[in-house]
Amino acid sequence: MVTIAASRRVRRTPFSSGVEAAGVKAYTVYNHMLLPTAFESIEADYRHLKTDVQIWDVSVERQVSIKGPDALRLMRQISPRDMSKMAGDQCYYVPTVDHNGGMLNDPVAIKLADDHYWLSLADGDLLQWALGLAVAQGFDVDIEEPDVSPLAIQGPKSDELMARVFGEEVRNIRFFRYKKLKFEGQSFVVARSGWSKQGGFEIYVEGEDYGMPLWNALFAAGAELNVRAGCPNLIERIEGGLLSYGADMRRDDTPYECGLGRFCNSPDMYFGRNAMARQAKYGPDKMIRAIAIEGEIETCGSVWPLFAGGAYVGQVTSATWSPDFNTNVAIGMVARSHWNAGTRLEVDTSNGMRTAIVQEKFWI
Ligand code: THG
């Protein structure tokens with residue numbers, strides 16, 4: 001087996017020793033840090049995620065901390081989602097765009113105080129864009145990457161497991177809200193969120209000291225719940241239409257093109273508003289779609305072009321077999337002329353041409 005060499009550039013996490021002891025089978029690198037991609041196998045992990053409860057080392061969801069009198073002003077410049085009415089215990093999924101409306105990242109924003117936010121990043125160096133804007137405009141904010149490592153608890157038994165470790169209060173946390181809860185006398189942000197459709201929580205673990213004690217406490221409390229180590233699951237997240245920045249969308253796509261138009265409601269503060277005005281009014285010319293693929297395929301590890309009668313009409317960027325839906329499930333970007341549900345296309349996969357059918361919506 002080939003291994004990835006960790007270093008100061010490719011960082012380990014506070015939970016890496018637990019991840020290794022749990023038998024991690026594969027890693028990827030995300031935000032210059034190790035992210036597990038499989039334990040038993042992607043299909044076995046998927047089955048278990050949907051029936052039990054898993055603990056995910058998602059430390060790679062690094063935080064950018066924006067703190068100071070101009071924090072909200074800066075937040076409103078970097079995202080088309082209006083953050084001015086965010087509650088004090090709220091998290092928002094916020095597309096962030098450049099001056100052309102090109103997606104730079106799709107973080108979760110956490111409001112810690114009126115003058116303090118975290119941006120929980122997807123893969124990309126968004127800190128540099130935020131810092132550039134702040135410095136160039138003389139904003140009064142501190143911008144840094146604090147050592148915060150999210151640990152996700154996902155699956156139908158998440159509430160039960162979390163209640164055993166953090167108390168019954170966790171059950172009252174609403175979707176995309178958080179409470180500050182204690183473990184061993186230390187307070188942590190605990191939010192009802194996570195990159196699966198199976199429900200669950202994310203614990204924002206500050207520093208290294210509590211990492212393995214918390215990991216071990218969760219495993220001890222969850223033994224009879226059949227708790228296991230897991231990670232974001234490729235099959236489940238395609239079924240659920242959870243987009244992966246860098247794979248399904250990039251800087252050449254706007255939030256409207258990514259199907260994230262419902263998160264674009266900021267009046268006028270953000271860079272990119274002029275470039276996005278036409279799409280806000282008339283809609284985009286291409287959009288992310290759920291796509292089913294017929295026949296046998298390998299998991300998509302790159303980009304598969306989509307054709308209609310030989311003409312290029314888009315691309316598939318994620319695809320794999322779904323045992324529950326008995327079809328290959330995929331995410332792709334499709335031209336307006338061919339994006340209606342039921343449209344039959346051809347897709348050039350690593351195993352050759354296959355039939356692809358545009359779906360009405362994602363599977364879960
Ligand atoms: N949690 C945290 N940080 C993250 C992720 C996360 N950073 C990286 C990556 N994931 C960012 N991307 C997403 C994409 C989708 C969602 C969250 C982060 C998500 N979407 C919900 C959905 O589509 O059903 C709901 C969004 C909403 O309605 O507000 O959860 O997972 N900390």
Side-chain angles (χ1 to χ4, degrees), residues 13 15 28-33 35-37 49 54-65 78-83 85-87 89-97 103-112 117-127 145-146 148-155 158 173-178 188-206 230-234 236-250 253 255 258-266 288-290 317-318 331 361-364:
T13 84
F15 317 109
T28 186
V29 174
Y30 187 110
N31 283 329
H32 318 280
M33 199 174 227
L35 173 64
T37 60
L49 169 64
Q54 296 186 347
I55 299 173
W56 296 2
D57 175 3
V58 282
S59 303
V60 299
E61 296 168 353
R62 293 275 93 191
Q63 310 304 301
V64 172
S65 169
I78 68 175
S79 175
R81 184 158 185 191
D82 186 1
M83 281 175 267
K85 295 190 182 64
M86 249 176 125
D89 64 344
Q90 201 159 16
C91 312
Y92 269 9
Y93 180 42
V94 293
T96 59
V97 299
M103 291 283 293
L104 291 176
N105 210 293
D106 68 332
V108 174
I110 298 110
K111 182 172 176 175
L112 297 168
Y117 296 83
W118 280 343
L119 286 167
S120 185
L121 296 194
D123 191 30
D125 297 301
L126 191 73
L127 184 148
E145 183 192 305
V148 175
S149 300
L151 188 64
I153 314 303
Q154 300 286 297
S158 299
I173 302 175
R174 288 191 283 147
F175 187 61
F176 268 58
R177 299 280 174 149
Y178 73 83
F188 296 91
V189 171
V190 177
R192 192 181 288 276
S193 55
W195 215 55
S196 87
K197 293 283 191 181
Q198 305 309 309
F201 300 88
E202 291 179 303
I203 310 162
Y204 292 80
V205 181
E206 295 180 52
C231 50
N233 185 274
L234 180 74
E236 198 268 354
R237 74 99 182 159
I238 298 177
E239 291 176 350
L242 292 169
L243 307 180
S244 174
Y245 184 75
D248 303 317
M249 53 182 172
R250 293 184 166 199
D253 310 306
C258 298
L260 303 176
R262 66 187 182 285
F263 300 114
C264 300
N265 63 345
S266 177
I288 293 267
R289 281 290 182 268
T317 46
S318 298
I331 298 174
K361 52 184 174 55
F362 284 95
W363 291 266
I364 51 179

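All values below come from the heavy atoms of this structure, side chains included, with hydrogens, waters and symmetry mates left out. First listed ligand is number 1; within each ligand, the first listed atom is number 1. Every value quoted in this text rests on a predicted model; they were computed, and no experiment measured them.
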Any donor-acceptor N/O pair, Arg237 side chain to Asn233 backbone, under 3.5 Å = no

message = Please list, in number order, the atoms of ligand 1 under 4.0 Å from a heavy atom of Tyr30.
response = 8 (C)

remark   = heavy-atom search around atom 20 (N) of ligand 1 in the protein gives Leu242 CD2, 3.8 Å

query = For the side chain of Lys111 and the backbone of Tyr117, is there at least one donor-acceptor N/O pair under 3.5 Å apart?
reply = no

request  = Could you tell me the separation between the CH2 atom of Trp363 and the CD atom of Glu239, rounded to the nearest 0.5 Å?
outcome  = 8.5 Å

query = Which ligand 1 atoms are under 4.0 Å away from a heavy-atom of Ala122?
reply = 7 (N), 8 (C)

ask   = For Tyr93 and ligand 1, does the shortest N/O to N/O distance drop below 3.5 Å?
value = no

inquiry  = Distance under 4.0 Å to a non-hydrogen atom of Tyr204: what atoms of ligand 1 satisfy this?
reply    = 32 (N)

remark   = Looking only at protein heavy atoms, what sits closest to atom 30 (O) of ligand 1 is Phe176 CZ, 3.5 Å

key: Close-contact set for ligand 1 against Leu121 heavy atoms, below 4.0 Å   = 7 (N), 8 (C)

request  = If the plane angle is over 60° it's perpendicular, under 30° parallel, otherwise tilted; pick one for Tyr204 and Trp118.
outcome  = tilted

query = Are the charged groups of Arg62 and Asp123 less than 4.0 angstrom apart, N to O?
reply = no

ask   = Is a side-chain donor or acceptor of Asn31 paired with a backbone partner of Val60 at a separation under 3.5 angstrom?
value = yes

request  = Can you pull out the closest protein heavy atom to atom 27 (C) of ligand 1? Residue, atom name and distance to 0.1 Å, please.
outcome  = Phe263 CZ, 3.9 Å

message = Quick test: of every protein heavy atom, which one is nearest to atom 3 (N) of ligand 1, and how far off is it to 0.1 Å?
response = Ser120 OG, 2.7 Å

request  = Please write down residue, atom name and distance for the protein heavy atom closest to atom 17 (C) of ligand 1.
outcome  = Val108 CG2, 3.9 Å

key: Enumerated ligand 1 atoms positioned under 4.0 Å from heavy atoms of Lys197   = 22 (C), 23 (O), 24 (O)

ask   = For ligand 1, which atoms have a heavy atom of Glu202 less than 4.0 angstrom away?
value = 1 (N), 2 (C), 6 (C), 31 (O), 32 (N)

ask   = For the ring pair Phe176 and Tyr92, is the centre-to-centre distance below 6.0 Å?
value = no

query = Of all the non-hydrogen atoms in the protein, which one sits nearest to atom 2 (C) of ligand 1, and at what distance?
reply = Glu61 OE1, 3.1 Å

note = Asp106 heavy atoms within 4.0 Å reach ligand 1 at atoms 11 (C), 12 (N), 13 (C), 14 (C)

message = Check whether Asp253 reaches the backbone of Cys258 with its side chain - one donor and one acceptor, N or O, closer than 3.5 Å.
response = no

Under 3.5 Å donor-acceptor, Gln154 side chain and Ser193 backbone = yes

request  = Report the nearest protein non-hydrogen atom to atom 10 (N) of ligand 1: residue, atom name, distance rounded to 0.1 Å.
outcome  = Trp195 CD1, 3.5 Å

